[in-house]
Amino acid sequence: MTAPHPTARTLAERIATLYGQPLAALEAHADSAPHDSMLTALLGSLADLQLAERSIAFHRDRMLQLAHPERSIEAFDAGHLLDNARRIGEAVAVRDAHAKTLSAVLQSLHRIPTPPAPEPAPAPLAAPAPAAARTR
């Protein structure tokens, strides 16, 4: 099987960078956390993107097997070639849609730097002692 498209890997790295943890740790956390979090949504979309990339690779490899130069192409093979081409087209559309959405969401999210601790206010100056009353 050929190497997967780098889109999912790149977006997985962006998710890990955003949360400051490796993807495996984020997946473990998401599995134990409520399922309505942004992290869960990002990881779900990433999983769908990865599935689309695997589907593209699988159908491309199958098409190359069917169209191998040493093979003769019969009517049965022609139907499979067309089916694989259609499935590649669908998987590419799914991959691109997930990549576009995931990229847009990640673009809108960013780590907010921790504000520096405020410097302690200088101690107030001691009030001068009241002046002794002057007598005339």
Side-chain angles (χ1 to χ4, degrees):
M1 192 174 229
T2 56
H5 196 269
T7 304
R9 184 183 57 232
T10 301
L11 291 172
E13 290 169 359
R14 287 179 62 191
I15 292 170
T17 300
L18 176 67
Y19 283 90
Q21 294 182 16
L23 197 60
L26 295 173
E27 289 169 341
H29 174 74
D31 288 343
S32 65
H35 295 290
D36 59 349
S37 70
M38 178 59 74
L39 176 59
T40 303
L42 289 171
L43 293 175
S45 188
L46 178 63
D48 292 340
L49 173 62
Q50 291 167 332
L51 178 62
E53 287 183 350
R54 286 192 305 272
S55 181
I56 292 166
F58 173 81
H59 290 293
R60 179 187 53 224
D61 290 346
R62 181 68 181 135
M63 181 181 276
L64 291 173
Q65 289 172 350
L66 291 169
H68 193 274
E70 296 177 8
R71 265 184 78 130
S72 64
I73 298 177
E74 305 299 327
F76 178 77
D77 298 318
H80 283 288
L81 284 165
L82 287 172
D83 184 52
N84 277 286
R86 180 186 57 79
R87 289 176 189 248
I88 289 171
E90 290 170 355
V92 167
V94 169
R95 180 199 63 205
D96 292 350
H98 280 292
K100 182 178 180 181
T101 302
L102 198 50
S103 292
V105 171
L106 287 170
Q107 182 67 30
S108 72
L109 300 172
H110 48 70
R111 293 186 70 95
I112 298 175
T114 306
E119 293 185 25
L125 298 175
R134 288 188 180 186
T135 55
R136 276 197 160 185

Legend entry - Residues Asp96 and Lys100 bridged, charged N to O under 4.0 Å: no
Do [X] and [Y] have side-chain heavy atoms sitting under 4.5 Å apart?
X	Y	answer
His98	Thr7	no
Arg86	Glu90	yes
Ile56	Val92	yes
Leu42	Leu26	no
Ser103	Arg14	yes

Restricting to non-hydrogen atoms, name the atom on [X] and the atom on [Y] that form the minimum distance, rounded to 0.1 Å.
X	Y	answer
Ala91	Ser55	CB-OG, 3.8 Å
Ala8	Leu46	O-CD1, 3.6 Å
Ala30	Thr40	CB-OG1, 4.1 Å
Leu66	Ile73	O-CG1, 4.1 Å

To the nearest 0.5 Å, what is the distance between [atom1] ([X]) and [atom2] ([Y])?
X	Y	atom1	atom2	answer
Leu11	Leu18	CG	CG	12.0 Å
Thr17	Leu23	OG1	CG	10.5 Å
Arg87	Arg62	CZ	CZ	11.5 Å
Asp77	Arg71	CG	CZ	4.5 Å
Thr101	Leu106	OG1	CG	11.0 Å
His80	Gln65	NE2	CD	12.0 Å

In this structure, would [X] and [Y] fall into the same cluster of hydrophobic residues linked by side-chain contacts under 4.5 Å?
X	Y	answer
Val94	Ile88	no
Leu51	Leu102	no
Phe58	Met63	no

